[in-house]
Colleague: 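Take a look at the following structure, please.
Every chain is numbered from 1 and lettered A, B, ... according to where its sequence line falls, protein lines coming before strand lines. Remember, predicted model here, so these are calculated numbers, not experimental data.
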There are 2 protein chains.
Amino acid sequence: MAEDKCCFYMGPGTLKIDRRAFHGPIQQGVLQRMQAALPEDKRGIILLKGGDVQPVYTTDGEILFRQESYLHYLFGVNEDGFWGALDVRNGRSMLFMPRLPASYGVWMGVIQGPNYYKAKYAVDDVAYVDDMSGMLAAAGAPCIHLLSGTNTDSGTEVQPPSFEGSDKLTLETATLFREINEARVHKTPGEIVLMKYVNHLGSRAHVAMMQGCKPGMMEYQAESIFRHFTYSKGGCRNQGYTCIAASGSNGAVLHYGHGGAPNDAQMLDGDLVLFDMGCEYYRYGSDITCSWPVNGKFTPQQALLYNAVLDAHRSVIAAMAPGVSWPDLHTLAYRKIIGGLAAGGLLQGDIEEMIAAEVGGLFMPHGLGHLIGIDTHDVGGYGDGFPERIQRPGYKSLRTARQLEAGMIITVEPGCYFNPVLLLPAFGDPVHSKFLVKEAIQPFMSMGGVRIEDNVVVTESGSLSLTDVPRTVKEIEAVMAGAHWPFGGVR
Amino acid sequence: MAEDKCCFYMGPGTLKIDRRAFHGPIQQGVLQRMQAALPEDKRGIILLKGGDVQPVYTTDGEILFRQESYLHYLFGVNEDGFWGALDVRNGRSMLFMPRLPASYGVWMGVIQGPNYYKAKYAVDDVAYVDDMSGMLAAAGAPCIHLLSGTNTDSGTEVQPPSFEGSDKLTLETATLFREINEARVHKTPGEIVLMKYVNHLGSRAHVAMMQGCKPGMMEYQAESIFRHFTYSKGGCRNQGYTCIAASGSNGAVLHYGHGGAPNDAQMLDGDLVLFDMGCEYYRYGSDITCSWPVNGKFTPQQALLYNAVLDAHRSVIAAMAPGVSWPDLHTLAYRKIIGGLAAGGLLQGDIEEMIAAEVGGLFMPHGLGHLIGIDTHDVGGYGDGFPERIQRPGYKSLRTARQLEAGMIITVEPGCYFNPVLLLPAFGDPVHSKFLVKEAIQPFMSMGGVRIEDNVVVTESGSLSLTDVPRTVKEIEAVMAGAHWPFGGVR
Ligand SMILES: [Mn+2]
Ligand SMILES: [Mn+2]
């Protein structure tokens, strides 16, 4: 779409993103944080390295390029091999582009020069990477700010990038990682609009799967419906994470769908499904989970399980507001799920005692949710000055222990699973077994699990879910029977 | 699909592959080549390292795992972190599997032991990777054969894998790469059946795109039709290469569709499209290209261009047989394309003189085709004892200069493009300009190009195309107008 040089746009019906309007406030936010963190004489130039194309093993095949998250955040560059710079002293933005061989013109497309990219990415200047260190030196900044830190979801060290001529520059690695992460935690209005787009589209695609679901289908056929819907109707070529299309007992496997468990089971009459899929547009992705019965009608047992999780989901969203602690909401979710299972006769005893005994983690061994944005598990969950990871069994997988703040987008995804790996030992363990009503749990052991996941913005006064799918048993059964979604006045 | 332990199967309507029947003959072929290449006292154990999961940059996101080609070839293992061994002395097959942490059972699926994988992959034994070097040492083989060489399509060095305890073994790297590549060049009957499956499915998906094509659609919407069709109807989660959905002048960009040119143009009334897409099943992919007018009717100029390429395509397939040199067929394609353009008045002069003057490379700057199988550009095109790469401009991109042999599968993909990067300089260049009828070429300059690509098996007596799509102008126009494909008796 060449008409609007500085816009990202995938055509009719898709979201048009003006890069100047989108990245301008993001750059301003990062600059303000850097300026606040650094005295005037220590303010230099932020330098980020974009992603390179990766080969498929030793072949000449390529893994489809997706831009590195930090470079995308500040500059929105689609192409590989770029670097980006932002001067903390004056806000001046620059890109450095690769010098392409002439053969690129035959195999990959028209070779564009700096002026083309200057217009496309609305930056102050574009030069070639081989001129980068000289130009950075000439800018006379006291230092170059580079990323350095640990991604707290992967545990991977983010290393400062190396580049030719860096030995002639003063490199500074103590500030940028913390400040840019904190900027990414707080979404701009433009980012919220984009997250709403991928939620709206992903929600409609979940409805398409619900309505296309029937016994005998393969799990991946539902995945294919989701991917086709979000690509052909919304321009989403990628998903933020591998689609999880789990039926029956596969629902208990939290990251089902990977290469070793590739959504290849048949969905059977009587099964529940747990579909966790989101779509990605301009590198921002949604992360939505729905659970429903393959045949369109919940059994009483399925409804019991489902409603326990839905109660947790709704209670958490209702309780969300600035200042509320995320681990406290995690406990709230446990309270509701345990309460629901106890009301159904699967658990016995005092609810708070069960929470203290880590019964929650037997049924929901993951955290309540995670910050989301460019990365599905977005950065900033832990860090200097914020609460540390809680080491209790049911809480150690929480991806943040922070208090909520306005502008955060976080997933709310309580779940309840019957995983033999966790429950079979618990039946024989004195701490847990007294709470577990084994005969009542037994019929649920092959049911897999239920997860209900929305992407929720924290507002000044509370929260707002960006996800819009049928959630109650009644809504799901009606939509699976052919009702239109969203309903007219029924909700 | 757990029922058939040693089968790969994606459910009703998809191809069921019995791994024992599929990989047995492959292993035998490799063993025979290794035994022929090595005296009895130098025969050791082949050891291959499978692929590992790769992260998305520094996040905890994962790139969807696809097994490494050589390990898949011998063993067909879906999971990451495996090694495979095959004893050249006695044919004994072994897998070494990773020892998984207990958390795998919660996040990724049931942790299976060696016996499970022994049955699934029909090998003689399975052990853990941490026992690998000890077991290899205990086997008392004179050496361990490892891969080492250069992939001649990527130029990448295939390095022998390193592993703990290798210092206590004798490593041998001079034989395996050459012999396993040569085995991969010659497909087994099982591999041919699989290649036929992905061609059949990919062909039907091209027909679906033809019939779904209309002016105003975005290129990626066609890509999405292809991917949805081949996944939902055939179980193909991946494609062997990034889909190329090029319309108008984008058709001249040979590898359009990559991250920097992501099939994001609108297809206009009057445009030609060039769609190069294949689907992958059990790591074997098809590679099919079709070209057609967006509005369903060829203009006379489009038909002229198309028929020149079709003539080359059909002439080459008709001439294919064991012993025929691939560069000679490349020349035959040039002869037909140049002849067609000359007959249409775009070129003037003697056809053989034009071939000698490298006019062919101005219009078709890529090779006629490539070996295909697990890798889209499959291994074995060049190597010790085979013809070297030809350095002439029109021939230097040929991916092999070999003579055809029975059992090879190779793409036949002549094309003709109007790329300003090549043609504008040629108009001003005395060697080429005398052959170019500039006024006649001018109206074609925005047309992009046409490529017609089949996947063809070399048989004992000739060749057999595995691809089955509408190819003539008449066939394409009929199918785009709604005719069923394949035709009843029309062809
Ligand atoms: Mn999530
Ligand atoms: Mn090809």
Colleague: What part of A/Asp80 lies closer than 4.5 angstrom to a heavy atom of chain B: side chain, backbone, both or neither?
Modeller: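 Contact with chain B is absent: no heavy atom of A/Asp80 under 4.5 Å.
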
Colleague: Of B/His228, B/Gln221, B/Arg227, which meets side-chain contact (heavy atoms from CB on, under 4.5 Å) against A/His228?
Modeller: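 When B/His228, B/Gln221, B/Arg227 are each tested with A/His228, the side-chain contact (heavy atoms from CB on, under 4.5 Å) holds only for B/His228.
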
Colleague: Between B/Gly260, B/Pro420, B/Gly257, which residue shows the highest count of heavy-atom pairs closer than 4.5 Å to chain A?
Modeller: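 It is B/Gly257.
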
Colleague: Between OH of B/Tyr220 and CE of A/Met10, what distance do you get to the nearest 0.5 Å?
Modeller: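 With rounding to 0.5 Å, OH (B/Tyr220) is 5.0 Å from CE (A/Met10).
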
Colleague: What part of B/Thr376 lies closer than 4.5 angstrom to a heavy atom of chain A: side chain, backbone, both or neither?
Modeller: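 Contact with chain A is absent: no heavy atom of B/Thr376 under 4.5 Å.
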
Colleague: B/Asn263 versus chain A, heavy atoms under 4.5 Å apart: side chain, backbone, both or neither?
Modeller: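 B/Asn263 touches chain A through side-chain heavy atoms alone.
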
Colleague: What's the shortest heavy-atom distance between A/Gln54 and B/Ile63, and which atoms?
Modeller: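 Shortest heavy-atom contact: NE2-CD1, 4.0 Å.
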
Colleague: So which of A/Asp153, A/Thr150, A/Val421 has the biggest tally of heavy-atom pairs under 4.5 Å with chain B?
Modeller: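 The answer is A/Asp153.
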
Colleague: What part of B/Pro262 is in contact with chain A, defined as an atom under 4.5 angstrom from a non-hydrogen atom: side chain, backbone, both or neither?
Modeller: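 When you check distances to chain A, atoms from both the backbone and side chain of B/Pro262 fall under 4.5 Å.
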
Colleague: In terms of heavy-atom proximity below 4.5 Å to chain B, should A/Val379 be classed as side chain, backbone, both, or neither?
Modeller: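 For A/Val379, neither part sits under 4.5 Å from chain B.
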
Colleague: Which atoms of B/Tyr256 come close to chain A, meaning under 4.5 Å heavy atom to heavy atom: side chain ones, backbone ones, both, or neither?
Modeller: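 Only the backbone of B/Tyr256 comes within 4.5 Å of chain A.
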
Colleague: Can you measure from OH (A/Tyr57) to CG (B/Asp375) and round to the nearest 0.5 angstrom?
Modeller: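 If we round to the nearest 0.5 Å, A/Tyr57:OH and B/Asp375:CG are 11.0 Å apart.
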
Colleague: Would you please classify the geometry between the A/Tyr104 ring and the B/His258 ring as parallel, tilted or perpendicular, with 30° and 60° separating the classes?
Modeller: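 If you compare the ring of B/His258 with that of A/Tyr104, the planes turn out perpendicular.
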
Colleague: Less than 4.5 Å to any heavy atom of chain B: does that hold for the side chain of A/Val253, its backbone, both, or neither?
Modeller: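 Contact with chain B is through both the backbone and side chain of A/Val253.
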
Colleague: Quick one: does A/Asn419's side chain have a donor or acceptor within less than 3.5 Å of a partner on B/Gly105's backbone?
Modeller: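 Between the backbone of B/Gly105 and the side chain of A/Asn419 there is a qualifying donor-acceptor contact (under 3.5 Å).
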
Colleague: With a 4.5 angstrom heavy-atom cut-off, could you sort out which part of A/Ile111 is near chain B: side chain, backbone, both or neither?
Modeller: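 No part of it gets close to chain B.
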
Colleague: If I measure from the heavy atoms of chain A, does B/Ala252 come under 4.5 Å with its side chain, its backbone, both, or neither?
Modeller: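 The backbone, not the side chain.
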
Colleague: Is A/Ser249 close to chain B through its backbone or its side chain, or both, or neither, when contacts mean heavy atoms under 4.5 Å?
Modeller: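 Contact with chain B is absent: no heavy atom of A/Ser249 under 4.5 Å.
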
Colleague: Just verifying a value: how many Å separate A/Arg399 CZ and B/Asp60 CG, rounded to the nearest 0.5 Å?
Modeller: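 Rounded to the nearest 0.5 Å, the CZ-CG separation comes out at 5.0 Å.
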
Colleague: With only heavy atoms counted, which part of A/Thr230 is less than 4.5 Å from chain B, the side chain, the backbone, both or neither?
Modeller: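 For A/Thr230, neither part sits under 4.5 Å from chain B.
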
